[in-house]
Amino acid sequence: MARKRYTHAINEALIEEMSRDPRVIVYGEDVELAIMGDTRGLLDRFGRERIRNTPICEATLTGMAVGAAAAGCRVVVHMMFSNFIYTGFDAIANQMAKLHLMTGGQAVMPITIIAAYGGGASNAAQHSDSGYPALVNLGGVNVAMPATPADAKGLLKSAIRGNNPTFFMEAIGRGGEMGEVPDGDYTVPFGKAATAREGRDVTLIAIGSMLKPTLEAAKKLEAAGIQAEVIDPRTLVPLDEEALIAAARKTGRIVVVDEARDRCSAASHIAAVLADKAFGALKAPVKRVTVPNVCMPYAPNAEKRMIPDADRIARIATETARA
Amino acid sequence: MARKRYTHAINEALIEEMSRDPRVIVYGEDVELAIMGDTRGLLDRFGRERIRNTPICEATLTGMAVGAAAAGCRVVVHMMFSNFIYTGFDAIANQMAKLHLMTGGQAVMPITIIAAYGGGASNAAQHSDSGYPALVNLGGVNVAMPATPADAKGLLKSAIRGNNPTFFMEAIGRGGEMGEVPDGDYTVPFGKAATAREGRDVTLIAIGSMLKPTLEAAKKLEAAGIQAEVIDPRTLVPLDEEALIAAARKTGRIVVVDEARDRCSAASHIAAVLADKAFGALKAPVKRVTVPNVCMPYAPNAEKRMIPDADRIARIATETARA
Amino acid sequence: MPTTEPSRAELLALYERMLLIRRMEERLRADAAAGNLPGAVHLYIGQEAIATGVCAQLRATDLITSTHRGHGHFLAKGGDPKAMMAEIWAKRTGICRGMGGSMHVADFSKGILGANGIVGGGFAIATGAALASKLLHDTRVAVAFFGDGAANQGVFMECLNVSSLWKLPLLLVCEHNQFSEFTPSQDITSGDIADRARAFKIPTTVVDGNDVVAVWQAAGEAVGRARSGEGPCFIQAHTYRIQGHLEAEDLFLAGGKYREKHEIDAWRQRDPVERQQQRLLAAGVRPDDLQAIDARIGRVVEEAVKFAVESEPADSDLALELMFVGQKA
Amino acid sequence: MPTTEPSRAELLALYERMLLIRRMEERLRADAAAGNLPGAVHLYIGQEAIATGVCAQLRATDLITSTHRGHGHFLAKGGDPKAMMAEIWAKRTGICRGMGGSMHVADFSKGILGANGIVGGGFAIATGAALASKLLHDTRVAVAFFGDGAANQGVFMECLNVSSLWKLPLLLVCEHNQFSEFTPSQDITSGDIADRARAFKIPTTVVDGNDVVAVWQAAGEAVGRARSGEGPCFIQAHTYRIQGHLEAEDLFLAGGKYREKHEIDAWRQRDPVERQQQRLLAAGVRPDDLQAIDARIGRVVEEAVKFAVESEPADSDLALELMFVGQKA
Ligand SMILES: Cc1ncc(C[n+]2csc(CCOP(=O)(O)OP(=O)(O)O)c2C)c(N)n1
Ligand SMILES: Cc1ncc(C[n+]2csc(CCOP(=O)(O)OP(=O)(O)O)c2C)c(N)n1
Ligand SMILES: [Mg+2]
Ligand SMILES: [Mg+2]
């Protein structure tokens with residue numbers, strides 16, 4: 001166990017998995033010099049056969065992953081910003097998410113796609129989307145949302161070893177954040193939510209980048225005498241419905257926090273699941289704290305206004321706890 | 001008023017709008033010979049300057065719409081099957097949905113994208129998606145889901161005259177269905193749900209292609225003594241939240257029916273909105289009847305099993321009415 | 001490099017494979033017309049020489065990607081007629097267990113990475129397969145079959161670039177059948193498609209796609225080059241789609257027309273199967289021997305249909321199991 | 001066609017415009033280093049001759065699309081320095097009201113359809129604009145500026161195809177500055193980019209992108225051809241990115257290296273602004289006159305910064321209004 005940066009945890013997972021299995025390859029635009037930091041040092045260690053810069057052609061990068069996987073590699077594709085997933089979306093939605101079914105189970109696709117999402121750095125609309133709801137809706141790809149350095153390491157290792165296409169969504173701007181990371185071969189299973197904090201008055205379900213402000217909000221609530229439980233689903237596909245339902249039943253008061261745009265967000269989906277399966281236990285309206293249905297403005301003040309922060313979360317959680 | 005096919009209603013709207021405004025252009029793959037039927041006869045009437053076949057290059061078709069709109073055309077792009085939206089997704093998600101904001105309101109994009117969605121014709125996974133939740137989540141594009149020939153005509157005319165990018169989702173396999181269509185200049189406003197049937201026991205919210213089996217289900221329910229109200233949102237963006245909330249309050253029992261995959265579906269979102277804003281009135285779990293999280297299998301029996309039908313809707317509606 | 005001439009045995013094998021494809025397609029045409037097949041069916045009639053000539057140069061471990069018009073590639077690469085037929089009949093014994101259908105026939109165990117309903121969907125998959133082959137040092141060659149229409153998709157160029165840069169063992173085979181659905185190729189294609197490959201310094205051959213020997217020869221050179229590490233090759237094979245874009249196209253056309261009957265007739269004169277038959281006869285093969293082949297293939301087709309018809313329908317819940325490996329949908 | 005020589009007034013105007021871009025960029029570099037600017041800033045220093053030479057051949061109504069490195073195109077096409085500066089400073093007086101920032105400066109009233117954060121995002125937009133121009137018969141020309149890296153995106157080829165087929169009034173300007181982020185162009189680009197355009201039968205010119213007169217001449221011919229209905233043209237302008245990919249790139253590189261200092265120094269010797277200055281001096285323009293220009297531009301830049309600094313921050317709720325025309329988010 002040691003304190004490490006989120007980026008560093010990813011880097012460690014990549015190094016360990018590449019060392020463990022010679023079939024693991026990594027490619028993407030500028031991965032050699034590590035534009036996002038997370039692939040630093042791989043070139044020196046593994047050489048250009050196993051990690052390489054590609055031309056700018058996302059449509060091919062995603063499709064190529066399918067073919068390389070079919071032919072025996074375990075493929076890690078770095079897409080840099082998650083908005084570029086859209087550029088490579090055809091092969092994701094039409095091939096990667098569907099081929100296992102369409103081939104009657106023949107196609108096996110050990111593919112991990114890394115992409116950084118979210119706002120907060122004035123990168124403007126084309127570099128700030130949290131577009132994972134579209135991925136969640138595809139049905140055939142896993143979606144991992146590590147919120148902490150430990151989960152970043154553990155989920156990435158599970159993704160690379162797994163046999164299903166997985167999106168590993170990096171929380172942008174949290175690359176520098178620190179946290180305890182177990183040493184060595186630490187994996188986190190998919191579909192297991194984590195309880196980040198126990199409490200009996202209100203349940204806050206926080207996705208990915210939203211864990212941190214939600215934990216801050218929980219502290220504020222504590223000061224006001226409200227004990228918030230904080231649950232982190234960790235993966236959206238598969239989704240640990242059981243844990244979420246149990247948590248909902250415990251307090252009957254739910255707030256889901258998500259950096260995605262509100263309509264058809266992961267927050268919507270989780271709220272819907274609970275309004276169905278935990279209905280009898282609900283004591284208050286199920287609330288969503290999300291980005292409004294806008295794309296990210298550039299100006300820092302305008303951007304800040306759109307992204308859920310501890311104050312907004314705390315306010316809505318307080319209302320919910322007291323409703 | 002005359003009975004017309006759904007496809008015919010679309011065709012009529014295109015002819016009327018192209019006649020009304022010489023800046024309206026239509027392009028797409030094989031629109032001249034009308035592979036989907038809806039563009040039939042346009043070439044003879046308007047000539048190849050205003051309707052033309054394109055090469056197969058969806059990424060450019062969607063991007064070109066942005067440029068042509070910016071330079072003064074009203075653009076109708078026919079994308080054939082909605083799965084090909086994924087192929088052209090980059091310009092949709094990164095440009096079309098964002099440019100009005102990113103340019104501080106300068107870019108105005110009167111663009112209508114027509115695409116056929118849904119299963120039921122053994123077209124298999126790559127031709128059967130109901131991928132509109134991803135569009136709904138984008139934030140910057142309207143999404144129209146006409147369920148009837150009249151709405152097909154009225155919504156398409158509104159889309160073409162409007163100044164925002166709009167996805168006009170054709171319900172595949174319903175192109176041959178008949179319905180009354182008002183003559184002449186009939187438009188349907190965006191963001192106004194329609195009550196397809198009144199009832200006081202349970203509220204069925206049916207999206208697009210699901211209206212028909214939902215109405216069938218309502219008949220079955222009637223035979224069992226349950227009066228179902230059926231609401232059709234008609235557009236998912238903008239969403240007539242008010243009407244949906246009012247309808248939910250009326251019965252307190254809600255079933256949302258959607259041909260999209262369940263996770264992050266439009267059904268999820270509507271259920272979430274109601275679990276929040278109609279919470280006090282709810283008497284039973286909010287139910288979703290959707291496609292499970294699969295892509296469409298080819299075999300007719302397997303496909304049928306995945307798409308909500310009147311029986312499944314009636315069963316769940318009955319449980320909800322009696323819960 | 002001197003062109004290799006096929007042996008008599010090779011000539012016969014090419015003929016037999018083409019005939020298998022032809023007869024299977026004819027049978028599918030009949031069953032489609034009879035309403036026995038769900039979904040869309042795109043037939044390969046007239047183009048048999050291309051899949052056959054190319055795949056005859058491949059090893060079992062080599063990998064191919066195909067198109068919506070994929071039955072020919074499936075059979076040419078050694079796919080099982082029974083399993084294909086059952087798939088198109090939507091049966092549980094189908095090669096994709098009834099989940100894929102006509103547009104998705106695949107047999108990964110034979111290197112058939114699948115027909116594909118997305119025009120242009122195969123380029124990057126084949127490029128990725130070639131990349132894996134190179135990284136795993138296993139000398140497999142990947143082949144992407146695609147239509148003239150698909151060559152207008154941007155991924156085509158992206159894959160030309162990537163494969164040329166990285167000297168991938170990739171063969172790109174453009175089946176130029178003059179049409180993209182109902183649109184004549186020249187209406188939507190600027191310049192010569194082969195020039196696009198040339199712009200990336202990829203060796204390019206243009207062949208008569210209705211002459212199986214010409215295709216076989218071009219493919220032999222190209223596959224050899226790719227396998228020996230010299231990088232990708234491009235073959236443009238000129239041919240003609242004899243059938244409609246899909247069966248029942250008249251329904252879609254509703255009286256509209258995009259080509260003249262005499263054009264089809266002219267191309268019928270260049271029928272690749274008949275041309276190979278003539279070549280064999282000229283080389284002294286006895287008509288009886290050819291008839292024996294035809295009879296044998298007739299039986300294969302009948303058995304395939306029988307197998308398909310008698311098989312159980314697909315498992316209607318299977319999709320819930322098959323979205324993921326070892327994970328529920 | 002004989003090459004046109006620019007008049008002395010034209011030479012001066014070209015110089016002045018290049019210098020405006022240079023000084024604006026230098027000022028942005030300083031403010032980025034000082035931490036005054038939110039977001040990423042990609043500077044155009046070293047490439048000024050290209051935007052300047054091309055845009056000098058355009059009319060106010062002509063349309064351009066630009067890239068993430070878009071300040072130069074914005075200013076060259078007549079965009080307002082004040083409004084651009086305020087935008088980059090995230091102010092409500094910015095040309096995009098603070099919603100777009102450096103990567104999205106746009107002025108539709110001047111035909112500037114916007115810088116673009118998506119590499120390759122401008123190709124289809126420019127193609128669509130050219131299509132509209134053709135259909136509306138209004139003789140506007142559309143220009144897509146793009147980098148060598150962007151030329152590997154498939155949409156590039158798609159737009160070559162469409163524009164060539166339909167003879168659209170489109171000019172494609174490839175600014176080959178040797179790099180795509182930290183990757184040398186030759187590592188990711190197979191063949192000569194100009195050959196890609198040639199494969200679609202598009203007239204192609206390769207020019208020294210650091211010589212504004214050469215660019216201006218090539219653009220003059222190309223724009224003339226496009227405007228007169230002869231279809232698209234392609235210009236490849238060789239240049240060099242003097243600054244990092246983005247300001248603060250050292251942070252991203254963390255000690256990593258992708259080019260040598262002597263290479264940068266060598267290209268500094270070919271500085272396009274200085275070359276134009278030398279040309280003017282050689283043509284008899286007095287140093288005083290040049291200094292007057294520099295002073296004038298200095299004031300423009302100062303005013304722009306002052307305007308930006310003194311403006312109000314962006315409206316923090318504006319995004320809710322601006323997702324749609326006349327419709328709430
Ligand atoms: C991405 C995508 N766009 C459009 C289609 C519809 N479509 C199916 S086949 C076809 C024409 C393909 O032409 P070509 O590549 O020449 O193949 P051919 O049919 O001639 O064999 C089109 C446009 C599709 N399936 N996928
Ligand atoms: C679709 C997409 N992929 C990747 C990026 C990240 N990116 C930004 S600039 C750039 C390099 C562009 O190179 P080039 O086109 O040559 O332009 P230059 O920076 O040299 O001006 C990359 C890869 C992006 N912005 N958009
Ligand atoms: Mg074709
Ligand atoms: Mg460059």
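Chain letters run A, B, ... following the sequence lines, proteins first and then strands; every chain starts at 1.
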Proximal component of A/A278, with respect to chain B [non-hydrogen, under 4.5 Å] = neither
Between B/A125 and chain A, which part of the residue has a heavy atom less than 4.5 Å away: side chain, backbone, both or neither?
-> both
Side-chain contact, heavy-atom cut-off 4.5 Å: B/F279 with A/L282?
-> yes
Please look at B/A91 and chain A and tell me whether the side chain, the backbone, both or neither of the residue comes under 4.5 angstrom of a heavy atom of that chain.
-> neither
Non-hydrogen atoms of chain A under 4.5 Å away: do they reach the side chain of B/D262, the backbone, both or neither?
-> both
Segment of A/I85 engaging chain B (4.5 angstrom heavy-atom cut-off) = neither
For chain A, the option from B/A93, B/A124, B/A134 that forms the most heavy-atom pairs under 4.5 Å = B/A93
Examine whether an atom of B/A323 lies under 4.5 Å from a heavy atom of chain A, and if so say whether it belongs to the side chain, the backbone or both; otherwise answer neither.
-> neither
Under 3.5 Å, side chain of A/N293 to main-chain N/O of B/G140, donor-acceptor pair present?
-> no
Any donor-acceptor pair under 3.5 Å from B/R263 side chain to A/N137 backbone | no
In terms of heavy-atom pairs under 4.5 Å with chain B, which of A/A275, A/G280, A/A271 leads?
-> A/A275
Which atom of B/D129 lies closest to which atom of A/K98, heavy atoms considered = OD2-NZ, 2.8 Å
Neighbour count above 12 (heavy atom, 6.0 Å) for B/K283 NZ | yes
B/I270, part contacting chain A, at a heavy-atom distance under 4.5 Å = neither
Rounded to the nearest 0.5 Å, the CD atom of B/Q126 sits from the CG atom of A/D90 at a distance of 8.5 Å
Least distance between heavy atoms, A/V136 atom then B/C264 atom = CG1-SG, 3.6 Å
So, for B/H269 and A/S268, which heavy atoms are closest and what is the spacing to 0.1 Å?
-> ND1-OG, 2.7 Å
Under 4.5 Å to a heavy atom of chain A? For B/Y86 that would be both
If you take all heavy atoms of B/R288 and A/A272, which pair is closest and at what distance?
-> NH1-O, 3.3 Å
Can you see which heavy atom on B/D276 is nearest to which on A/P285, and at what distance?
-> O-CB, 3.3 Å
So which of A/V294, A/L236, A/V237, A/L239 has the biggest tally of heavy-atom pairs under 4.5 Å with chain B?
-> A/V237
Using non-hydrogen atoms and a 4.5 Å limit, figure out which bit of B/V273 sits close to chain A: side chain, backbone, both or neither.
-> both
Atom NZ of A/K277 and atom NZ of B/K287: how far apart are they, to the nearest 0.5 Å?
-> 7.5 Å
With rounding to the nearest 0.5 Å, note down the distance linking CZ in A/F81 to CG in B/N94.
-> 12.0 Å
B/Y298 versus chain A, the contacting section by heavy-atom distance below 4.5 Å | neither
